[in-house]
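Residue numbers start from 1 in every chain, and the chains themselves are labelled A, B, ... in the order their sequence lines are given, proteins ahead of strands. Computed from heavy atoms alone, side chains included, the values below leave out hydrogens, waters and symmetry copies.
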Amino acid sequence: MASIAATHLSTTPAHAHHVENPPSTVFFQNCKSMEQLRQLHAQTIKTGVISHPVVQNRIMAFACTNESSDMIYAHRMFDTIPEPSVFIWNVMIKGYSRINCPEDGVLIYLAMLRRNVMPDHYTFPFLLKGFTRDIALEFGKELHGHVLKYGLHSNIYVQNALVSMYSSSGLTDMARSVFDKSCGKDVVTWNVMISGYNRIKQFDESRRLFNEMVEKGVLPTPVTIVIVLSACSKLKDLETGKQIHKYVRDFNIEPNLVLENALIDMYAACGEMSVSLQIFENLKRRDVISWTTIVKGFANSGQVDLARKYFDRMSERDYVSWTAMIDAYLRMNRFKEALELFREMQASKTKPDEFTMVSILTACANLGALELGEWIRAYIDKSRIKNDTFVGNALIDMYFKCGNVEKALRVFSTMPQRDKFTWTAVIVGLAINGHGEEALGIFSQMLKASIAPDEITCVGVLCACAHTGMVDKGRKFFAEMISQHGIEPNFTHYGCMVDLLGRAGHLKEAYEVVQNMPMKPNSIVWGALLGACRVHKDSELAEIAAKKMLELEPENNAVYVLLCNIYAACNKWEKLRELRQMMMNRGVKKTPGCSLIEMNGVVHEFVAGDEAHPLSKEIYLKLDKITSDLKYAGYTPDTSEVFLDMGEEDKEVAVYRHSEKLAIAFGLISSKPGATIRIVKNLRMCVDCHRMAKLVSKVYRREVIVRDRTRFHHFRQGSCSCKDYW
DNA sequence: ATAGGGTTAG
C-alpha cells in the first residue's frame, strides 16, 4: 500500500504547489498507520508538496487524530509550520485531549491566542473535552469568557461543550446556568445536563429534568435512556424504570448493548432479579459489563453463592468484575473468601485498582490481617495505584482494627486530603483502642477544621468517653449533640450513653436513661444495660434487661449466655439451673467462640476445643507449657464465668480450651521471639483468658493484642489497655 | 481535513 502511494506521489512534479493547482491528496485516504504516514510525509518533503497547506493539514490531522496518533511526531512537524492555520491549531488541541492531556491542549490554545489566531467553533469542543475538576476550576471560567468574547456561545456544539465541561467536572450549578441561558437546546444539551446531576448524585433532579425534557417534546435517544435508567437504579425507582422500559419499546428506540445493560442494572438494583436475569438471558451478545451487573445484582440481594455461580461462568473478567465478587463476600462478612478470591485475581494477572484495594483492606481490617494489609499498602505505592482519600481512610481503619495505633495515625498525618470519614475513622479507631483522651483531641481538631460531624462521629466520641470512663464529658457531649451539632441521638447513641453510665457503675442512672428515652428502647440499648450488669454483677437488673431483649430478639443466644455468666458470677446457682433448663428446652446453643490469627499472610482460625489445626498437637503441648510457666507468675484459672454444670476441674479444662488461648499458643510457636501477637475474637474475651494474656505479655515479653466483639485489649508488660474495664 | 452525550464499583 505504501509503495503504491509513494509511486503515485513521485509522479507529482516538485513545482506543482502553485495556488491555482492544489495537489491531490486522495492518497492519504489509504493511509492506515503512523508508519505509512511517515513514508508519505518523507515523500512530500522530497517532492516539495509539503509546503502546500492542504498537504500539511492532511498530515497534521492524521498524526493528531488517527487511532495510532503520535503527538510527539505531530508537535515536531507543528514546529516547522511558520503560520499554522486555525485548523492546525484545532487538531493539535484535539490530539492532546485525545491522549488525556487537556492541560497541554490549554497550553496550545494560549499559544494560539498569543500568535493572534482567533478560535473558531471547532476549537472549544476539542479544548474543553476531558477537563478534570481541577482544570475546570483553574481555566473553566476564563475559557467560558473567551467563548462569549469571540461570539461563539450560540453555536450548539460550543454551548454543549461548555455544559459538558462544567457538569462532568462536578460544577453542576455552572452547567445549569449555561443550560438555562441557552436558547437552542438539542437532545445532547439535555443529556449532558442530566448526567451532570447523576454525577453529583442528585438523581431525583435527573429524573425531574428528564420528565421536563419529554414534556417539551425533545425526543430521547438511547443515550438519554441510559442516563435516566442509571438514575432510576440509584433511586431504586422501579416505577419510573418500568415506564422508561415501556418507552423504549413503544418508541422503537434501538436497544443497544449499553442500554440493555442499563436495564439489567436497573431491575437488579430495584430487587427484580428475575426480570433482570430474563433480559440477560435473552441478550444475543453479552459483554463483561452485562455479566458483572448480574454478579453485582445477586451480591446486593445477599445471594453471594448465586453471584459466584455467574462469576465462575464468565469467559472474560476485568478488575471491576473481580472487585464486585470480592465485595459480594465482604457484604456477607465472608472475609476469608474475599481474600482467597483476591489471590485468584492476582494469579489471573488482572491488575487491581484502588477500589479493589479498599475492599481488600476492609477484609484485612475485619480479619486483623496486618501483614497482608501492610503488603497491600506497599503494593499501592509500588504499582502506583491511585492513593486517594478512600484508600487512606481504608488504611487508617485497617491499622486501627489491627490494633496498630501508631501507623494509623501516621497515615492520617500524611494524608493530603481528609474528609468526614477520615476524621471519623480516627476518632472511632482511637476510641476502640482505648485512647479516649486522644480521640476527643482529634474531635476538637475536626471541629476547628470546619468538618461537620455526623452520627457515626458522635458514636465515636461517646464510645471514647465510655471506654475510658469519662462520664462527665460524655454526659456533656450527649447534651450538646442536638444544640451544637444538630444531630438527633439515635438508638446507638443511647446505647453508648447507657454503656458509659452503666460501666462506670451508675446503673440506676443508666436504667433511667433507658426508661426516659423518646423512642421505645431496642435491643442495642437493653444490650448495653445487660453488659453493664455483667461488669457490676447486678443480676436483678440483668434479668429485666435480658427479658426485654428476648422479647425483641427471641433468637439472640448471646443474651442467654450473658445472663448465665452473670448468674454464675453472682453464685445464683438455682437461677442458673432454671435458665439452663429453659435453654435446653428451647434448643438455644452457645455461639462457638472463634479466634483468628494471621501468620505469614495466612489467616488461621480456631474454635474452642479445636483439634483440626495441622499443628494441633504442638499447640496443646505449648499450652501446657504456658500454663505451668504462668503458674510461677501467679496464674490461677478463673472459672467464675463458666456456667456449665460441671466440677471445678472440668471448668478449668473448659476455659483452658478457649479459642483465644489456642491462638495465643499457636502465635507463640509460629512467630519470632518478641513479635507482636494479634488475635481477632468473635465474642467477648472471658475473664480467664484476659488474665492469662496479661501474664503472657509479661512472662514471654510479647505484646498481645486481642480485638473482641467491641473493643481492643493491648496487653503489654502484664497489664491491659482496657484497665480491666470491659 | 475537524464537533458533543452513555453502562459496572468503595
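- Protein atom CG of A/D419 is 16 Å distant from nucleotide atom P of B/dG10, rounded to whole Å.
- Atom CZ in A/F87 sits roughly 12 Å away from atom C1' in B/dA3 (whole-Å rounding).
- You cannot call A/Y157 stacked on the base of B/dG4; the centres under 5.5 Å and planes under 30° rule is not satisfied.
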Pair up each side-chain donor or acceptor in residues 272-280 of chain A with any protein partner under 3.5 Å, not counting sequence neighbours, and list the distances.
from   : atom 1 : to     : atom 2 : distance (Å)
A/S276 : OG     : A/I264 : O      : 2.9

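- Between the side chain of A/D186 and the base of B/dG4 there is at least one donor-acceptor pair of N/O atoms closer than 3.5 Å.
- Listed in residue order, the members of residues 270-287 of chain A having a heavy atom less than 4.0 Å from DNA chain B come to none.
- Between A/L341 atom CG and B/dA9 atom P there is a gap of 17 Å when expressed in whole angstrom units.
- At the heavy-atom level, A/S230 lies under 4.0 Å from the strands shown only through sugar-phosphate atoms.
- Across all strands shown, A/V188 has heavy atoms under 4.0 Å from base atoms, whether or not it also approaches the sugar-phosphate.
- Taking only distance into account, the side chain of A/N256 meets the base of B/dG6 through a donor-acceptor pair shorter than 3.5 Å.
- Contact annotation for A/N90: base contact, defined as any heavy-atom pair under 4.0 Å involving a base atom.
- Residue A/L162 contributes atom CG, which lies 15 Å from atom P of B/dG4 at whole-angstrom precision.
- Counting only heavy atoms from C-beta outward, the side chains of A/F335 and A/L339 never approach each other to under 4.5 Å.
- With B/dT8, B/dA3, B/dG10 as the candidates, the nucleotide lying closest to the side chain of A/D327 is B/dG10.
- One atom, CD1 of A/I59, and another, P of B/dA1, lie 13 Å apart when rounded to the nearest Å.
- Proximity note for A/R58 (side chain, C-beta onward) versus B/dG4, B/dG10, B/dA1: the nearest is B/dA1.
- For B/dT2, the OP1/OP2 oxygens have no side-chain nitrogen or oxygen of A/K129 closer than 4.0 Å.
- Within 4.0 Å (heavy atoms only), A/T221 reaches at least one base atom of the nucleic acid.
- Considering only the side chain of A/I156, B/dG4 comes nearest among B/dT2, B/dT7, B/dG4.
- The pair A/D327-A/R331 fails the salt-bridge criterion, with no side-chain N (NZ, NE, NH1 or NH2) lying under 4.0 Å from an Asp/Glu carboxylate O.
- Between the P atom of B/dT2 and the CG atom of A/N160 lies a distance of 20 Å, rounded to the nearest Å.
- Between B/dT2, B/dA9, B/dG5, one nucleotide has an atom nearer to the side chain of A/K94 than all others, and that is B/dT2.
- Looking at A/D265 and A/K296, a side-chain N of the basic residue comes within less than 4.0 Å of a carboxylate O on the acidic one, giving a salt bridge.
- Using a 4.0 Å heavy-atom distance criterion, A/I289 is classed as a base contact.
- Panel note: side chain A/S169, backbone A/Y166; a donor-acceptor pair is recorded below 3.5 Å.
- You'll find the ring centres of A/W190 and A/F179 inside the 6.0 Å limit.
- Spacing between atom CD of A/E254 and atom P of B/dT7 amounts to 19 Å, rounded to whole angstrom units.
- Here the side chain of A/T224 is nearest to one of B/dG5, B/dG4, B/dT2, namely B/dG5.
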Problem set entry | Criterion ring pair (Phe, Tyr, Trp, His ring centres under 6.0 Å) on A/F412 and A/W423, from CA distance to verdict | CA-CA 8 Å; A/F412 174 70; A/W423 292 92; 5.2 Å; yes
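- Closest to the side chain of A/V226, out of B/dA3, B/dG6, B/dA1, is B/dG6.
- Picking from B/dG10, B/dT2, B/dA3 the nucleotide with the shortest atom distance to the side chain of A/H121 gives B/dA3.
- Residue A/E354 is classed as a base contact, given a heavy-atom separation below 4.0 Å to a base.
- Between the CZ atom of A/F210 and the C1' atom of B/dG6 there is a distance of 14 Å, rounded to whole Å.
- Taking the charged nitrogens against the carboxylate oxygens, A/R208 and A/E205 do have a contact shorter than 4.0 Å, which makes a salt bridge.
- At a threshold of 4.5 Å between non-hydrogen side-chain atoms, the residues A/F355 and A/W322 do not count as touching.
- Within 4.0 Å of A/D353, counting heavy atoms only, lies at least one base atom of the nucleic acid.
- Here A/F126 lies in heavy-atom contact (under 4.0 Å) with a base.
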